[in-house]
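Keep in mind that the numbers below use all heavy atoms, side chains included, and drop hydrogens, waters and symmetry copies. First listed ligand is number 1; within each ligand, the first listed atom is number 1.
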Amino acid sequence: MRDEVYRHSQPHIVDFAFTEAVAAVFPDMIRRSVPGYETMIPVTGLIAARHLGEHQHAYDLGCSLGATTLAILQHNNTPTIRVTGLDNSAAMIAGARDRITDPRADFVEQDILNSDVTGATVVVLNLVMQFIAPKARLPLLRQLREQMSQEGLLIVSEKVAHTDPWLHDLYEQTHIQWKKANGYSDLEVSQKRTALENVMQIDTEQTHHARFEQAGFTRAIQWYRCMNWASFLVYP
Ligand SMILES: C[S@@+](CC[C@H](N)C(=O)[O-])C[C@H]1O[C@@H](n2cnc3c(N)ncnc32)[C@H](O)[C@@H]1O
């Protein structure tokens, strides 16, 4: 279904939330809004799948409709792997359960700040940390580091801020043009930006690297970048 959430002028823009209306159009919204999404998700799924062996468990934190979960399952035929998707949006979890019936997957409505990933071989946070309160980010990473397997892999994908203001602005302006080329009007772009202002807070790539280290991870590699979107492979 086509995303028309911000198509009409809204006298009062409320903070963006992952409501039923957003869940209903989410695949179209994210595809037309996040440059590189259609590469980032299948490849994170492939990398995660390669890391998962017999009887091992992956977590897709902030799974939305389960795109990453599905990508992992499609790249790994082992019947004994498990993939658990967590999201605190009831509409997203209901949609994920409808779409993905593979018995190796399950979906749980839960705040990821209360999650338990003990023994996980893979944990994926695709475009989620940016919606978590900044002060909760390091404690979350520390908890994941403590709970996941020592041989595990954490994948974190985010919109990032560029430290060079000129380059940041170049990418931001290009992003606006890209959204317009994908059929969004000026009004839609501007209303969505206003709605996201308080709820999506991005960090620089350097902040991410420093935080991975502070949380006890030993190695973090940026494997993907498309303008201001980046994805990291992070190792205990
Ligand atoms: C941009 S979407 C993630 C996209 C998804 N990972 C994918 O690959 O298609 C962000 C998701 O994170 C979820 N989310 C945000 N904060 C959360 C929290 N504290 N606990 C659980 N889910 C959260 C939202 O409900 C939303 O579905």
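Each of V128 and M40 belongs to its own hydrophobic cluster when Ile, Leu, Val, Met, Phe, Trp and Tyr are linked at side-chain heavy-atom distances under 4.5 angstrom.
Here E188 does not pair with R193 in a salt bridge; the nearest charged N to carboxylate O distance is not below 4.0 Å.
Between S115 and Q110, the shortest heavy-atom contact is CA-OE1, 3.7 Å.
With ligand atoms numbered from 1 in the order given, ligand 1 contributes 3 (C), 4 (C), 5 (C), 6 (N), 8 (O) to contacts under 4.0 Å with heavy atoms of N126. Close approach of ligand 1 to Y37 is summarised as follows: ligand atoms under 4.0 Å from at least one heavy atom of the residue are 7 (C), 8 (O), 9 (O). If you number the atoms of ligand 1 from 1 as listed, the ones under 4.0 Å from a heavy atom of T68 come out as 8 (O). Proximity to I41 (heavy-atom distance under 4.0 Å) selects the following atoms of ligand 1: 8 (O). Close approach to Q110 involves these atoms of ligand 1, each under 4.0 Å from a residue heavy atom: 20 (N), 21 (C). Within the listing of ligand 1, atoms 19 (N) sit less than 4.0 angstrom from a heavy atom of I132. Of all atoms in ligand 1, listed by their number and element, those nearer than 4.0 Å to a heavy atom of F26 are 2 (S), 4 (C), 9 (O). In summary, the atoms of ligand 1 found under 4.0 Å from a heavy atom of S89, numbered by their order in the structure, are 25 (O).
Distance alone, capped at 3.5 Å, is enough to place a donor-acceptor pair between the H168 side chain and the H162 backbone. Using modelled atom types, one side-chain atom of E158 and one backbone atom of Q130 make a donor-acceptor pair closer than 3.5 Å. With N76 contributing its side chain and L52 its backbone, the two residues share a donor-acceptor pair below 3.5 Å.
For atom 15 (C) of ligand 1, the closest non-hydrogen atom on the protein side is F131 CB, 4.0 Å. The shortest contact between atom 18 (C) of ligand 1 and any protein heavy atom is with N88 ND2, 3.3 Å. Regarding atom 4 (C) of ligand 1, its nearest protein heavy-atom neighbour is S64 OG, 3.4 Å. Protein heavy atom at the shortest distance from atom 1 (C) of ligand 1 is L127 O, 3.3 Å.
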For E38 and R32, run salt bridge (Lys or Arg N to Asp or Glu O under 4.0 Å): C-alpha distance rounded to whole Å, both residues' side-chain angles, the deciding distance at 0.1 Å, then the answer. CA-CA 10 Å; E38 287 171 298; R32 291 198 288 139; over 6 Å; no
Give the intermediate values and the outcome of salt bridge (Lys or Arg N to Asp or Glu O under 4.0 Å) for residues D203 and R137. CA-CA 11 Å; D203 292 312; R137 294 175 189 179; 2.8 Å; yes
Ring pair (Phe, Tyr, Trp, His ring centres under 6.0 Å) evaluation trace for F232 with F212: CA-CA 10 Å; F232 305 92; F212 293 141; 5.6 Å; yes
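Once rounded to the nearest 0.5 Å, the distance linking CG of L141 with CG of L154 reads 6.5 Å. Distance check: H51 NE2 to T121 OG1 gives 7.0 Å after rounding to the nearest 0.5 Å.
By the 4.0 Å heavy-atom criterion, L113 is excluded from the residues contacting ligand 1.
Residue L61 does not touch ligand 1, judged by heavy-atom distances below 4.0 Å.
Taking distance alone, with nitrogen or oxygen atoms compared against 3.5 Å, I112 approaches ligand 1 more closely than that limit. The shortest N/O to N/O separation between Q130 and ligand 1 does not fall below 3.5 Å.
Taking each of A91, G62, A23, A67 in turn, the one with a heavy atom nearest to atom 5 (C) of ligand 1 proves to be G62. With atom 19 (N) of ligand 1 as the reference point, the heavy atom nearest to it among D87, D111, D60, V128 is part of D111.
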